[in-house]
Amino acid sequence: METLLGKHWHHLPTQEIIELLDTDPQKGLDLFEVKRRQEHFGPNQLTPRKGKSPILRFLAQFHNPLIYILLVASVITLVLKDVVDAVVIFAVVLVNAIVGFIQESKAEKAIEALAKVVATETTVIRARKQLRVNATELVPGDIVLVKSGDKVPADIRLIRSRDLQVAEATLTGESVPVMKEAEEILPKETILADRRNMIYASTLVTYGQGEGIVIATGDNTEVGRISQLLSEVKILETPLTRKIARFSEILLYVILSFSAITFIFGVYRGEPIVDMLMAAIALAVGAIPEGLPAAITITLAIGVARMAKRRAIIRKLPAVETIGSTTVICSDKTGTLTQNQMTVKAIVVGDQYYQVSGTGYKPTGEILAQEKRINLAETPALKECLLAGMLCNDSVLLEKAGVYDAQGDPTEVALLVSGLKAGLSSEKIAVEYSRLDSIPFESQHQYMATLHAVTETQKRIAYLKGAGEVIIEKCSTALDSFGNKIALDKPKIFQQINELAAQGLRVLAFARAELSDNINQLRPSDISTGLTFLGLQGMIDPPRPEAITAVKACQNAGICVKMITGDHALTAAAIAKQLGLQRNTESKSQLPPVLTGKEITEYADEQLITAVEQTSVFARVSPEQKLRLVEALQSRHHIVAMTGDGVNDAPALKKADIGIAMGISGTDVAKESADMVLTDDNFASIEAAVEEGRGIFDNIVKFITWTLPTNLGEALVIMAAIFSGTILPVLPIQLLWINMTTASVLGIMLAFELKEPDLMLRPPRNPQAPILTKTLVLRLLTVGFLILLGAFWLFRLELRNGASLAEARTVAVNTVVMVELFYLFNCRSLTRSMVSIGILSNRWLVVGVIAMIILQLLFTYIPIMNRLFGSAPINVISWLRILTVSSIVYIIIEIEKWLRMRSEQKGIRDSNLKTFCQGNG
Ligand code: ATP
């Protein structure tokens with residue numbers, strides 16, 4: 001086994017490879033051998049590239065213009081011989097870096113953990129059985145089956161292939177899928193991109209099927225050799241963090257200009273240069289919101305973790321933010337909005353309607369005609385229709401102690417169950433009709449076909465099942481109820497399909513083709529015309545109850561929910577009605593209007609855009625058409641979330657603002673293209689993610705609303721003192737203390753704030769909205785000036801009452817801190833009062849507040865702190881004054897909030913909701 005490396009696998013005949021790897025394509029490896037090889041080769045995964053070392057990451061914390069200023073300040077202070085101040089400034093920088101480092105590491109860990117949740121599964125043959133295993137368990141010699149939608153789990157030499165196409169962009173950079181061919185033996189020097197008989201780890205199967213032998217795993221694969229795995233979400237960067245970075249930069253220049261003006265003004269008035277320099281630095285330090293980037297990062301990371309708990313895994317971080325502003329969710333029907341628990345309820349053969357009793361996968365139930373149990377021997381046409389459903393089928397139903405477990409497509413399981421209920425036996429028919437070949441179901445073709453050799457007659461028969469329109473087009477004759485061949489009556493069959501679909505049943509049509517005896521492989525051209533129509537089976541797939549609630553919640557939140565399905569228009573409409581998708585349908589019995597895939601193709605762009613906005617149900621839509629729907633919605637500035645699971649959904653998932661893949665039923669291709677993966681395939685999880693997304697954004701806004709005004713207040717105190725020529729009420733070093741403690745002890749706790757109850761009753765946020773809104777500017781000025789007034793007034797009052805300068809300054813510092821602390825409570829909700837949120841509902845905030853109070857007591861009463869920061873103990877009366885000022889600020893802001901909410905008339909908000917989502921009605 002050691003000699004496996006460096007072999008020219010594409011050049012060797014398959015038999016030699018089988019011998020080299022000591023395997024067997026029919027049986028696969030036995031489990032003991034697998035275990036032995038797993039121990040020898042290790043898991044089939046790439047060793048994660050070691051990130052930057054912790055030391056480098058810690059040093060990176062200093063790479064920030066704000067920190068540069070502080071470091072320069074520290075050096076200047078040292079040169080000016082004020083060692084204590086210099087040390088304190090440096091300590092501030094250090095503490096800031098440590099806090100930033102810890103928060104960033106935590107955030108990265110939270111995101112790294114997500115990568116493990118979305119594991120790739122693969123199909124192998126081991127010990128004669130076909131199994132689904134985690135791709136990490138593969139070993140060289142394993143026989144692996146791949147099909148359209150799969151990510152290739154290891155480097156594999158093909159032994160069988162059928163129309164296999166693989167997108168190898170990850171490896172060769174070539175985005176167009178390449179054809180693969182198992183049969184070939186290629187020259188030794190063939191380059192990687194041309195090795196048609198090999199498929200490589202990390203590439204994606206876009207079409208067809210293949211089977212092959214694993215020749216390399218983990219770091220020994222080609223992708224392992226060229227690079228090492230980088231998990232998808234690593235860098236904590238989103239449009240918002242970039243916006244904030246730009247905003248901080250502008251802010252920095254503004255603040256520096258103010259500092260410079262203050263410095264020049266002070267010196268011009270004859271103040272000592274050194275004092276003015278320190279004041280200018282203090283101003284800059286006070287005004288710069290150092291905690292902002294860290295707070296946003298940590299809020300986003302907490303959000304990602306909260307979403308994961310609610311079964312929505314974020315793959316690309318910007319999605320955390322964008323999902324909160326979603327205006328339209330386009331969701332698949334089957335499995336996402338419905339339970340994907342199919343049960344055949346009705347069968348139509350010839351003119352005869354049959355009912356099927358029983359629910360779920362348990363094959364106990366009966367097939368009834370006019371309420372009487374049927375006898376299969378007397379209904380040959382029904383038998384043929386059921387047989388088609390069981391033979392043209394890849395699903396498996398297993399029974400263990402009376403419990404039924406199904407594997408495969410639920411539509412196919414339902415057909416298996418209906419056959420069993422009639423008394424057919426899977427094992428027996430598998431022997432009587434041995435399968436020679438198949439054409440798998442693909443959404444865009446909407447049918448599946450299998451080729452069988454009838455053991456008794458040695459005749460070749462193909463069975464087909466699929467969407468009514470597709471199957472009927474291929475037929476020229478039909479079976480009547482007694483099994484006689486008659487001419488095809490298309491209008492009658494379409495009528496029957498409509499009758500079943502209008503009840504919300506998913507309808508499958510069945511057909512048969514008698515082929516010549518020498519055919520062993522099935523091609524689409526063999527079954528394109530002249531088939532015999534066998535009948536219809538209609539199955540229910542009830543809506544998920546939680547999806548009905550979630551749809552309503554989305555509509556209340558101003559989000560349009562649109563259902564996009566490959567199913568029949570009437571089936572779609574009936575299910576949409578049960579889901580409450582179109583509330584403005586005029587009469588209760590009326591079904592919502594449906595736009596079909598055919599219309600989507602025929603409509604011109606403008607016509608489509610209007611139609612798409614006004615419709616909630618889209619039927620017989622092929623995955624390719626989803627892209628056009630996304631584009632139409634985006635042209636009207638909608639933020640579109642789109643779900644998908646198949647290979648062909650990938651372009652639409654990429655194009656959508658939020659591409660959502662299904663974790664259970666989704667292909668690897670869809671998952672790779674998505675921004676978010678649902679671990680339970682459930683629509684309700686999308687709604688949960690929107691809610692979390694909105695909550696995250698709210699908390700970021702809360703932090704900004706808290707930090708900017710308090711920073712302004714601190715800067716104003718210094719500026720006012722210099723411009724009015726009075727003594728500084730707060731020393732530069734004291735301002736540093738305020739800044740460092742409040743940002744890391746108070747502000748950050750807003751990241752843990754719980755979601756507001758009206759979160760899903762507001763219209764979606766406009767992602768283009770500026771950071772500085774009118775409300776925020778007003779708040780900025782109000783709080784900024786209140787801090788200035790409060791600190792100055794109490795400072796003056798203390799001095800007038802005979803307090804020392806140190807005592808008066810301590811009062812001023814405590815005033816600034818306490819106003820910030822009280823104001824933090826104002827910021828816990830942007831719209832409601834703290835009483836209605838519950839004072840203790842955010843435990844972290846309570847911890848922060850207590851810590852802040854302790855820190856201020858230390859600052860005021862501990863001698864060493866008095867020496868370091870120039871503070872002094874103050875008496876109870878002073879504290880009472882401080883608390884009075886802080887409470888007044890709190891009350892003023894609450895009144896401002898109340899007035900603002902009153903003026904934001906509800907009527908306006910309601911009309912907003914309507915214009916956002918016309919389809920909701
Ligand atoms: P969505 O998941 O997007 O809501 P869907 O799953 O209902 O859509 P498709 O899977 O594309 O849509 O199915 C479209 C049609 O193809 C169905 O209405 C059905 O008639 C037919 N069909 C579905 N599954 C199979 C299958 N396994 N074999 C043959 N035909 C099928």
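This chain uses plain numbering: 1 for the first residue, then up along the sequence. Everything numeric in this text was worked out from a predicted model, so none of it was measured. Computed over heavy atoms, backbone and side chain alike; hydrogens, waters and symmetry mates excluded. Counting starts at 1 for both ligands and their atoms, in listed order.
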Closest to atom 8 (O) of ligand 1 (judged by heavy-atom distance), picking from A449, P410, G335, G566: G566

Heavy-atom contact under 4.0 Å between R620 and ligand 1? yes

Can you tell me how far CG of D645 sits from CG of L678, rounded to the nearest 0.5 angstrom? 11.0 Å

Please say whether more than 12 non-hydrogen atoms of neighbouring residues, nucleotides or ligands are located less than 6.0 Å from NZ in K383. no

Can you name the atoms of ligand 1, numbered from 1 with element, that are less than 4.0 Å from a heavy atom of A467? 20 (O), 21 (C)

Given L508, T565, T571, which has its nearest heavy atom closest to atom 19 (C) of ligand 1? L508

Once you restrict to heavy atoms under 4.0 Å, what part of V507 touches ligand 1? Side chain, backbone, both or neither. backbone

K492 atom NZ: more than 12 heavy-atom contacts under 6.0 Å: yes

Within-cut-off N or O pair, D567 and ligand 1, under 3.5 Å: yes

Tell me which part of T336 gets within contact of ligand 1: side chain, backbone, both or neither, using heavy atoms under 4.0 Å. neither

Report yes if the side chains of D437 and N520 come closer than 4.5 Å at any heavy-atom pair, otherwise no. no

The protein heavy atom nearest to atom 28 (N) of ligand 1 is K465 NZ, 3.1 Å

Identify the residue among R460, K459, K485 that makes a salt bridge (Lys or Arg N to Asp or Glu O under 4.0 Å) with E514. K485

Going by the 4.0 angstrom heavy-atom rule, the piece of R506 near ligand 1 is side chain

Considering distance alone, does some N or O of F441 sit under 3.5 Å from an N or O of ligand 1? no

What residue and heavy atom of the protein are closest to atom 6 (O) of ligand 1, and at what distance? T334 OG1, 3.3 Å

Taking side chain to side chain donor-acceptor pair (under 3.5 Å) as the criterion, tell me which of T338, D567, D541 meets it with R506. D567

Considering only heavy atoms from C-beta outward, does the side chain of H568 approach that of N498 to under 4.5 Å? yes

Working to the nearest 0.5 Å, report the span between OH of Y433 and OG1 of T450. 11.5 Å

If we number the atoms of ligand 1 from 1 as shown, the ones under 4.0 Å from a heavy atom of I564 are 3 (O), 4 (O)

Tell me which part of D409 gets within contact of ligand 1: side chain, backbone, both or neither, using heavy atoms under 4.0 Å. side chain

Distance to 0.1 Å, residue and atom name: give those for the protein heavy atom nearest to atom 11 (O) of ligand 1. S443 OG, 3.1 Å

Any N or O of D645 closer than 3.5 Å to N or O of ligand 1: no

Could you list which atoms of ligand 1 come closer than 4.0 Å to a heavy atom of K333? 1 (P), 4 (O)

So, do M342 and N340 sit near enough that their side-chain heavy atoms are less than 4.5 Å apart? yes

Output the distance between atom NE2 (H638) and atom NZ (K562), rounded to the nearest 0.5 Å. 7.0 Å

